[in-house]
Amino acid sequence: MTLVMAGAISHAPGITGREKMAPEDKKTRYYDACYRFRDHLWDQKPDALVLVSAEHFGNFFMDKMPTFCIGLADDYQGPIETEEFLNIPKTTIPGAPELARRIADVAMQEVDLGYSQEWSFDHGFMVPLAFLTPKWDLPIIPLNINCQVPPLAPLQRCHALGKALRKAIDAQPERIALIGCGGISHWPATPDSGKINEEWDRAFLEDFVANKTDRLLRYSNDEIYRDAGPGGQEVRTFITVAGAVEGHGGELWCYEAIPIFAVGCTVVNMDVAA
Ligand SMILES: [Fe+2]
């Protein structure tokens, strides 16, 4: 078939773990957007979801740190975190190993992908999935981008990854969704945790929704670190999706700065017209 749905959604452990501590109005607006995104995903009758995210040293550390890594496992366990911390039960998430292998085979014509047949999900994958696939019944193909530790994946290579994924997805007979999941601005695990740069987030989202490649790729790593925090480096997941739908924009469904969630919270639906 082809790519049937694309977009981006935020992740942070507080989004689910500190649900009851958030201002009710902001939380409700954000959760409602996440549920709308879930319904839109399922309306496309997807066979699988390629979820591009950034995990946090749960599987990949300094001894082995792939720039890009795609999951080829039969299934995945998660969350790594405790149920009490994340408010998400331990579960098994189905993979799509044969489809993932076919996607990797095509994408690797243009980008270099690491791959793994063994992978446990942390909140980087589990928080979006808790909203999007609450019954854990949609096969997931995880793709991790090193957004955590230098040398980070270059922004233009993330964009190229998105273009390669699009070509690979469109070459398959299945109906496939592609969602990027990460920060926008946040300062996790630092004394500034809870800080959000709403002005920076809205400027980035304006360029993302308009899918202005030059604008999205103009940031240096130092600028992102200064203005959007270490967690802001996860915009690489959004930029990958922008590459996959290059030439097409999208619609901002929600942005809420929610300090107790410790991240700028967004949902963006992108146009997947070929
Ligand atoms: Fe993260």
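Numbering of ligands and ligand atoms starts at 1, following listing order.
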Name all pairs fulfilling the ring pair (Phe, Tyr, Trp, His ring centres under 6.0 Å) condition that reach into residues 211-232, sequence neighbours left out, sorted by first residue then second.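 Every pair satisfying ring pair (Phe, Tyr, Trp, His ring centres under 6.0 Å) with a residue in residues 211-232: Trp200-Tyr219.
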
Write out all pairs satisfying side chain to side chain donor-acceptor pair (under 3.5 Å) with one or both partners inside residues 179-193, taking only residues at least two apart or from two chains.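 Non-adjacent pairs meeting side chain to side chain donor-acceptor pair (under 3.5 Å): Ser185-Asp201.
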
So that I can check it, does any N, O or S atom in His56 come closer than 2.8 Å to the Fe ion (ligand 1)?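 It does: His56 brings an N, O or S atom closer than 2.8 Å to the Fe ion (ligand 1).
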
So, 2.8 Å as the limit: is an N/O/S atom of His11 located closer than that to the Fe ion (ligand 1)?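 His11 does place an N, O or S atom closer than 2.8 Å to the Fe ion (ligand 1).
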
Within the 4.5 Å heavy-atom criterion, are Asp105 and Arg101 side-chain neighbours or not?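 Result yes, sub-4.5 Å side-chain heavy-atom pair found.
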
Donor-acceptor pair between Ser53 and His11 side chains, under 3.5 angstrom: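 Yes, a side-chain donor-acceptor pair sits under 3.5 Å.
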
Name of the Glu234 N, O or S atom nearest the Fe ion (ligand 1)?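 The Fe ion (ligand 1) is closest to the Glu234 atom OE2, counting only N, O or S.
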
